Amino acid sequence: MTAQIFVTLKKTVLDPQGQTIQRALNSMGHPEVASVRQGKYFEIELTGVDKATAEATMAKLAEDVLSNPVIEEFRIEITG
Amino acid sequence: MKFGVVVFPGSNCDHDAWYAASANLGHQAEFLWHSDSSLKSSDCVILPGGFSYGDYLRCGAIAKFSPVMASVKKFAAEGGYVMGICNGFQILTECGLLPGALVRNRGLKFICKEVLLTAATANSPYTCAIPTGAELRIPIAHGEGCYVADDATLDMLEADDRVAFRYVENPNGSLRDIAGVLNEGRNVMGMMPHPERATEPLMGSSDGRMVFESLIQSYASQLSAAK
């Protein structure tokens with residue numbers, strides 16, 4: 001089983017890195033790129049747990065460790 | 001007064017803090033190793049600047065799980081003085097001892113220069129010896145020093161007089177020009193600028209001494225009140 005965890009800055013938090021990336025993409029001739037938000041991606045392999053337990057555990061780990069709830073939010077996808 | 005300076009893997013201002021407290025302020029200072037839980041009877045714990053655990057995951061995020069931090073949290077809860085400088089401030093926000101978070105500087109650049117600060121309150125063990133309105137010349141050196149928190153938290157900090165320091169000219173985009181904040185008990189303080197790097201004329205400024213002198217004075221009055 002694999003958990004994929006996406007951590008991104010909250011919409012209310014300015015993302016200067018994303019803005020810089022957006023300007024770079026625009027300057028490459030892609031004016032259609034209207035906004036870029038940068039984030040982090042974690043791929044976690046799990047063994048010996050059922051999906052429901054994995055979902056609960058991953059949510060807790062994402063909340064406590066992988067993200068900082070003051071500035072970030074996360075999304076979890078579990079497959080396999 | 002005895003200062004304990006925590007040494008994490010990747011700390012690089014630990015010796016600066018130790019030197020400021022001992023050589024320049026004339027007090028006792030000892031290093032506290034991150035994997036020990038003993039605070040060696042320190043009266044004030046300093047979390048120094050640097051890149052603890054390589055800034056992996058987020059600045060300060062891994063340090064909060066080290067054994068010494070469990071002791072620091074307990075010490076803080078009992079009213080002990082805890083000062084986080086730069087990466088130390090990031091650690092204090094990550095482990096929940098201080099509100100808010102430090103994110104990438106608005107201009108994306110690592111900024112290393114002297115800035116002017118004012119103490120936003122005289123009612124704290126870290127600012128009580130600083131004359132009202134005085135501008136302190138103290139260096140900053142950080143890439144992720146932009147202080148953010150939601151409006152409700154910022155309003156609460158201001159209403160409770162918990163902003164310790166403000167930038168005269170905001171270098172990094174910090175909300176409401178905040179350079180340092182206090183916890184509810186006012187015994188824990190985190191700041192991005194480096195007062196320990198401004199404690200003798202040779203360093204270019206001695207203004208950082210006032211932060212340490214405030215602490216030393218507060219500790220002395222706490223001791224005499226206890227007698």
Side-chain angles (χ1 to χ4, degrees), chain A residues 1-28 30-31 33-46 49 54-78, chain B residues 52-66 69-70 73 87 89-111 142-157 170-178 181 183 190:
Chain A
M1 197 184 298
T2 304
Q4 296 176 301
I5 304 179
F6 303 83
V7 177
T8 48
L9 283 173
K10 284 180 181 172
K11 291 280 177 281
T12 50
V13 177
L14 187 79
D15 180 8
Q17 292 187 88
Q19 290 175 342
T20 302
I21 295 164
Q22 183 208 335
R23 281 195 292 273
L25 299 179
N26 291 156
S27 74
M28 285 171 66
H30 291 282
V33 176
S35 168
V36 176
R37 302 285 289 175
Q38 184 181 283
K40 293 192 184 96
Y41 169 67
F42 302 88
E43 207 169 78
I44 300 178
E45 297 296 335
L46 299 161
V49 282
E55 272 171 2
T57 310
M58 290 303 107
K60 173 150 177 53
L61 294 185
E63 173 96 26
D64 292 350
V65 184
L66 301 179
S67 77
N68 177 346
V70 177
I71 47 170
E72 294 168 326
E73 52 198 15
F74 59 85
R75 179 165 60 83
I76 300 172
E77 285 175 17
I78 295 181
Chain B
S52 58
Y53 300 90
D55 275 354
Y56 290 177
L57 189 59
R58 293 178 305 278
C59 304
I62 307 293
K64 73 178 164 189
F65 299 109
S66 61
M69 283 310 295
K73 275 189 177 176
N87 187 227
F89 185 13
Q90 295 165 337
I91 295 168
L92 289 174
T93 59
E94 275 286 342
C95 71
L97 284 176
L98 290 175
L102 283 313
V103 298
R104 189 62 70 99
N105 293 343
R106 184 66 60 97
L108 287 174
K109 287 201 172 91
F110 188 98
I111 310 170
H142 58 244
E144 283 161 308
C146 174
Y147 184 77
V148 296
D150 58 30
D151 283 336
T153 304
L154 294 169
D155 290 344
M156 180 267 291
L157 286 173
N170 193 336
N172 54 23
S174 289
L175 297 180
R176 304 195 192 177
D177 302 328
I178 290 173
V181 297
N183 71 338

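Values below: every heavy atom of this structure, side chains too, minus hydrogens, waters and symmetry copies. Bear in mind that the values here come from a model prediction, so they are computed numbers and not experimental data. So that the names make sense, note that chain A is the first sequence line, chain B the second, and so on, each numbered from 1.
Looking at B:Leu108, the atoms closer than 4.5 Å to chain A (heavy atoms on both sides) all sit in the side chain, from C-beta outward. Proximity to chain B (any heavy atom under 4.5 Å) is shown, for A:Gln19, by neither the backbone nor the side chain. Using a 4.5 Å cut-off between heavy atoms, A:Val7 makes no contact with chain B at all. Both the backbone and the side chain of B:Ala101 come within contact range of chain A, with heavy atoms under 4.5 Å apart. Proximity to chain A is absent for every atom of B:Asp150, based on heavy atoms less than 4.5 angstrom apart.
The minimum heavy-atom distance between B:Arg58 and A:Leu66, with the atom names listed, is NH1-O, 2.9 Å.
Atom CG of A:Asn68 is separated from atom CD of B:Gln90 by 11.0 Å, given to the nearest 0.5 angstrom.
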Open item on the list: Assess the residue pair A:Val70 and B:Thr93 against the criterion (side-chain contact (heavy atoms from CB on, under 4.5 Å)); give the C-alpha distance rounded to whole Å, side-chain angles, the decisive distance to 0.1 Å, and a yes or no.
Closed with: CA-CA 9 Å; A:Val70 177; B:Thr93 59; over 6 Å; no
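Around OH of B:Tyr56, the count of heavy atoms belonging to other residues, nucleotides or ligands within 6.0 Å does not exceed 12.
Within the 4.5 Å cutoff, no side-chain heavy atoms of B:Val103 are placed close to those of A:Leu14.
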